[in-house]
Amino acid sequence: MPEPIGSVTTAPLDKTWLETRIRSRKNGAVVTFEGIARDHDHGEDVGSLDYEAHPDAERVLIDVCARIAQATNCDVVAAHRIGHLEIGDVALVAVVAAPHRAEAFAACGKLVDAIKAEVPIWKHQHFTDGRSEWVGL
């Protein structure tokens, strides 16, 4: 099993590189989740987002990936983007590889839920009417 990896970066995320990183002959399924900046939240129009991260965010992301990999016996990688994102930009890529699809889908769901709950990254939403709000503080 490849070592679980996680990264927090200002660069656009490359899902193909992440998927390639964990492909192997033992795995028959690769499940990829992309979290994409959407144009609305709770019925309000969103114009853009800024993500900020605690200095330990990457270490926490790596720890989450390692824990999910160990608990599910799946290969796991994830990357989260920080900085300014426009609508349609990819904020999170989580990839899980497993021998069978059911375990890959289940592990990917667990991974995304854990990242959202535990990794100290905060979203600053900018609404089209000029207001803004922080999410995840």
Side-chain angles (χ1 to χ4, degrees):
M1 175 181 310
E3 183 175 324
I5 62 169
S7 67
V8 175
T9 180
T10 57
L13 302 180
D14 184 351
K15 80 172 184 172
T16 302
W17 183 86
L18 290 167
E19 290 166 344
T20 301
R21 170 72 177 83
I22 62 170
R23 284 185 189 270
S24 71
R25 294 174 56 145
K26 71 177 180 120
N27 291 320
V30 174
V31 172
T32 302
F33 170 84
E34 289 183 287
I36 300 169
R38 63 181 181 266
D39 68 355
H40 66 281
D41 192 26
H42 302 292
E44 300 191 58
D45 294 333
V46 175
S48 65
L49 307 169
D50 290 296
Y51 283 93
E52 291 190 22
H54 186 277
D56 290 334
E58 187 167 88
R59 179 193 56 76
V60 174
L61 180 59
I62 291 168
D63 290 347
V64 166
C65 288
R67 189 181 76 243
I68 297 297
Q70 183 176 17
T72 63
N73 201 29
C74 294
D75 298 334
V76 172
V77 294
H80 203 300
R81 190 165 170 200
I82 57 172
H84 184 74
L85 277 73
E86 295 293 334
I87 301 306
D89 287 346
V90 178
L92 170 65
V93 176
V95 185
V96 174
H100 304 285
R101 71 181 179 274
E103 52 198 331
F105 277 111
C108 193
K110 289 177 185 176
L111 176 61
V112 172
D113 289 345
I115 289 169
K116 290 185 68 70
E118 300 174 37
V119 179
I121 295 176
W122 308 284
K123 176 171 60 174
H124 191 192
Q125 296 188 120
H126 303 284
F127 297 106
T128 57
D129 66 4
R131 294 177 307 107
S132 66
E133 74 174 356
W134 285 96
V135 179
L137 289 178

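Heavy atoms only: backbone and side chains are in, while hydrogens, waters and symmetry mates are out. Not measured: the values here are computed from a predicted model.
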- [ ] Give a yes or no on whether V135 and F127 share a hydrophobic cluster (residues Ile, Leu, Val, Met, Phe, Trp, Tyr; joining criterion: side-chain heavy atoms under 4.5 Å apart).
- [x] no
Checklist entry - Less than 4.5 Å apart, any side-chain heavy atom of S7 and any of E58? => result yes
Exactly one candidate in D75, V76, T72 meets side-chain contact (heavy atoms from CB on, under 4.5 Å) with V96; the answer is V76
Handout entry: R59 with D63: basic N within carboxylate O range, under 4.0 Å
Key = yes
Same hydrophobic cluster for L111 and F105, using side-chain heavy-atom links shorter than 4.5 Å among ILVMFWY?
no
Note: A94 and V112 closest approach over all heavy atoms is CB-CG2, 3.8 Å
Report yes if some heavy atom in the side chain of I82 is under 4.5 Å from a heavy atom in the side chain of T10; otherwise report no. yes
Is there a donor-acceptor pair closer than 3.5 Å between any side-chain N or O of H54 and the backbone N or O of I121? no
Scanning both residues in full, the closest heavy-atom pair of T32 with E19 reads OG1-OE2, 2.6 Å
CG of D89 to CG of L13, rounded to nearest 0.5 Å, is 9.5 Å
Around atom CD of E52, are there more than 12 heavy atoms from other residues, nucleotides or ligands closer than 6.0 Å?
no
Here the pair of heavy atoms bringing N27 nearest to P99 is OD1-N, 3.4 Å
Nearest heavy-atom contact between V95 and V30 is CG1-CG1, 3.6 Å
Quick one: sort the W134 and H124 rings into parallel, tilted or perpendicular, breaks at 30° and 60°.
parallel
Review point. Is there a chain of hydrophobic side chains (I, L, V, M, F, W, Y, each step under 4.5 Å between heavy atoms) that links L92 to V31?
Key: no
When rounded to the nearest 0.5 Å, the distance separating CD of E103 from CG of N73 is 8.0 Å
Handout entry: Heavy-atom check, side chain of D50 versus side chain of H126, under 4.5 Å
Key = yes
Interatomic distance, OG@S48 vs NE2@H84, rounded to 0.5 Å, equals 4.0 Å
Taken in chain and number order and not counting sequence neighbours, the residues that satisfy side chain to side chain donor-acceptor pair (under 3.5 Å) with E133 are Q125
Residues A78 and C65: closest non-hydrogen pair is CB-SG, 3.8 Å
Output for pair (C108 SG, I68 CD1), nearest 0.5 Å, gives 10.5 Å
Can you confirm whether the side chains of D45 and H40 place a donor and an acceptor under 3.5 Å from each other? no
Between L18 and A79 the two heavy atoms that sit nearest each other are CD1-CB, 3.9 Å
Separation between OG1 (T9) and CZ (R81), nearest 0.5 Å, reads 8.0 Å
Here the gap from I22 atom CD1 to I5 atom CD1, rounded to the nearest 0.5 Å, amounts to 8.5 Å
- Item | Neighbour count >12 (heavy atoms, 6.0 Å) for atom NZ, K110 | no
